[in-house]
Amino acid sequence: MNEKPSISNLAAIDAAHHIHPFSDMAELNARGTRIIERAEGLFITDSTGKKYLDAFAGLWCVNVGYGRKSIAEAAYRQMQELPYYNAFFGTTTPPATLLAQKVASHAGPNLNRVFFTNSGSEATDTWFRMARVYWKALGKPQKTQVIARKNGYHGSTVAGASLGGMKLMHEQGNLPIDGIHHINQPYWYAEGEHLSPAEFGLKIARELETKIDELGEDRVAAFVAEPIQGAGGVIIPPDTYWPEIARICKARNILLVVDEVICGFGRLGEWFGHQHYGVEPDLAPIAKGLSSGYLPIGGVLVSDRVAEVMMNEVGEFYHGFTYSGHPVAAAAALENIRIIEEEGLVERVRDDIGPYFAAAWKSLESHEVVGEAQSVGLMGGLQLAADKATRRRYEKPDDIGTLVRNHCLENGLILRATGDRMLASPALTISRSEVDQVIETLSKALDHLREKGLG
Ligand SMILES: *Cc1c(COP(=O)(O)O)cnc(C)c1O
């Protein structure tokens, strides 16, 4: 058992037994999987000893960076003291209770309660059921329809994939399920045509109003959106968008659900994305940065408005997971949040490294193949363009993004590509020189794309 299998052995075992998420397994097995063995700070190391600067924080989640011994120790201590107990039958554990209080203390003033899950997808399923139960308890059982957005992402369970606006996900498995509707996204570069971003933001927000009218206000339970669409390509909405969405939800009396799974825990330079955009959600799913990915844990922040009905009118809510509020995951999350507080990482993103990153990222706009480079906090989206002046896009967007991403990878930088957009989402601890390194490597990859002369 002490002998480590060789790299080629591990790759062969992987090909024989391990089905990866969101992967074409025939293609992956032909190419061979990359085996990641270690990480420290911003850097990960693979089994060949090659080091990469991870400008994507794993999968949008390692907000405090890799190698935090104090999180490992908190989990170890908790596991020795009490590895597991549930919160089903009138019990709780200290970490679960304290974590709920801690998370609520950083969210908007009306968000004071948390329902724990193990992932963002489960958080989506949780609020989806809660929204319908809420309206039923208020004597409006017909208020069941939920409006979401094209190209949104809310997870990969049946409800998550249905609420998400990913066509390819819908096509596998007859999704979306009944009662879910999608409106357009605030993606000005691709869909704004002749409108200014401000005009376009309002126009797209008002599609919510139109959709509510079409369905009938008394049939609509909720609207859900990410503050900034992550998996969809870091689509940053025009400033006019969110205030109008909040106004419409209030005026039409439907619940506003803000998916904080990526934007929560400092990514935008506030504790939560709803604070950056100045809106008050009724429900807010969280995960990823909650534990910086050290252990799986998610949840739903529940507003006083919804919590009062759930507590006083519903009775038992028949929903929960064996591991809801798992004490070891909660202990890791508590230590993660303690680090974010102690090191002032949210303020650092808002006042220091965020502005530094923004200026560096924006500088890429001078590049011939870049249409637009936008960021908020430490979340950046870079639009590749075949012709800057006319906002003309490349004909094979997926190939273009992959070309740039692979060039970065060869040169030791991990970024993500979604179609013809390059996405960055580094740990909140990234240093200035590491930001410089991201920009330098990405810049060379953009040169490579220009030299290829694809268009
Ligand atoms: C990742 C993600 C989810 C799903 O979280 P999982 O933990 O992968 O289930 C939901 N919403 C958003 C916005 C996400 O980015």
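Here the structure is a predicted model, which means the values were calculated and not measured. As the structure lists them, so they are numbered: ligands from 1, and atoms in each ligand from 1.
Comment: E343 engages R68 in a salt bridge, judged by a side-chain N to carboxylate O separation of less than 4.0 angstrom. Note on K102 versus E341: salt bridge recorded, some NZ/NE/NH1/NH2 to OD/OE distance being below 4.0 Å.
Using a heavy-atom distance under 4.0 Å as the criterion, the protein contacts of ligand 1 are S119, G120, S121, Y153, H154, G155, E226, D259, V261, I262, K288.
Ring orientation note: the planes of H326 and Y84 are tilted relative to one another, at an angle of 30° to 60°. Under the 30°/60° scheme for interplanar angles, the aromatic rings of F265 and W271 are found to stand perpendicular.
By the salt bridge (charged side-chain N to carboxylate O under 4.0 Å, His left out) test, K362 is found to be paired with E365, residues two or more places apart in sequence or in another chain being considered.
For H319 (side chain) and R129 (main-chain N/O), no donor-acceptor pair under 3.5 Å exists by modelled atom type.
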